[in-house]
Amino acid sequence: MKTKLLLLEDDLTLSETVIDYFEEQGFDVLPAYDGQEAIELVYENSFDLLLLDVNVPELNGFEVLQKIRQEENNTPAIFITSLNSM
């Protein structure tokens with residue numbers, strides 16, 4: 001059975017790149033593009049790891065994890081983010 005990851009990332013290009021990489025490594029990846037979609041996927045699926053972008057629409061990554069933890073879901077989580085400077 002493949003390890004199942006949730007990827008919360010609103011940048012479509014970056015999301016596709018991360019998904020491609022992890023799928024090449026043998027992981028099963030489900031994408032979410034906003035915080036509410038991520039929460040819905042967590043309720044519908046059992047994940048081995050959550051990869052959560054911090055700055056996404058609806059609920060941010062921190063809020064998503066807080067809601068998931070309130071439901072006593074202790075799936076390991078890693079926060080991902082990038083800072084852009086001009």
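One-based numbering along the sequence shown.
Residues Val18 and Glu9 form no side-chain contact, since every pair of their non-hydrogen atoms from C-beta on lies 4.5 Å or further apart.
Taking each heavy atom of Leu41 and Ala32 in turn, the nearest pair found is CD1-CB, 3.9 Å. Closest heavy-atom contact between Gln36 and Glu58: N-CB, 3.9 Å. Minimum heavy-atom separation, Thr81 to Asp53: CA-OD1, 3.8 Å.
Side-chain atoms of Thr17 come within 3.5 Å of backbone N or O of Thr13 as a donor-acceptor pair. Using a distance-only test at 3.5 Å, with no hydrogens or angles considered, a donor-acceptor pair links the side chain of Asp48 to the main chain of Lys4. A donor-acceptor pair is defined here as one N or O able to donate and one able to accept, closer than 3.5 Å; such a pair exists between the side chain of Asp11 and the backbone of Leu14.
Cluster annotation: Val64 and Val42 are assigned to the same hydrophobic cluster (Ile/Leu/Val/Met/Phe/Trp/Tyr, side-chain heavy-atom contacts under 4.5 Å, transitive).
Of the candidates Ile78, Leu6, Leu7, Leu50 forms a side-chain contact (heavy atoms from CB on, under 4.5 Å) with just one, namely Leu6.
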Dump the intermediate steps for side-chain contact (heavy atoms from CB on, under 4.5 Å) on Tyr33 and Val56, then the final yes or no.
-> CA-CA 7 Å; Tyr33 302 100; Val56 294; over 6 Å; no

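Summarising the geometry, atom CG belonging to Leu30 is positioned 5.5 Å from atom CG belonging to Asn45; distances are rounded to the nearest 0.5 Å.
Remark: aromatic rings of Tyr21 and Phe27 are distant, center separation not under 6.0 Å.
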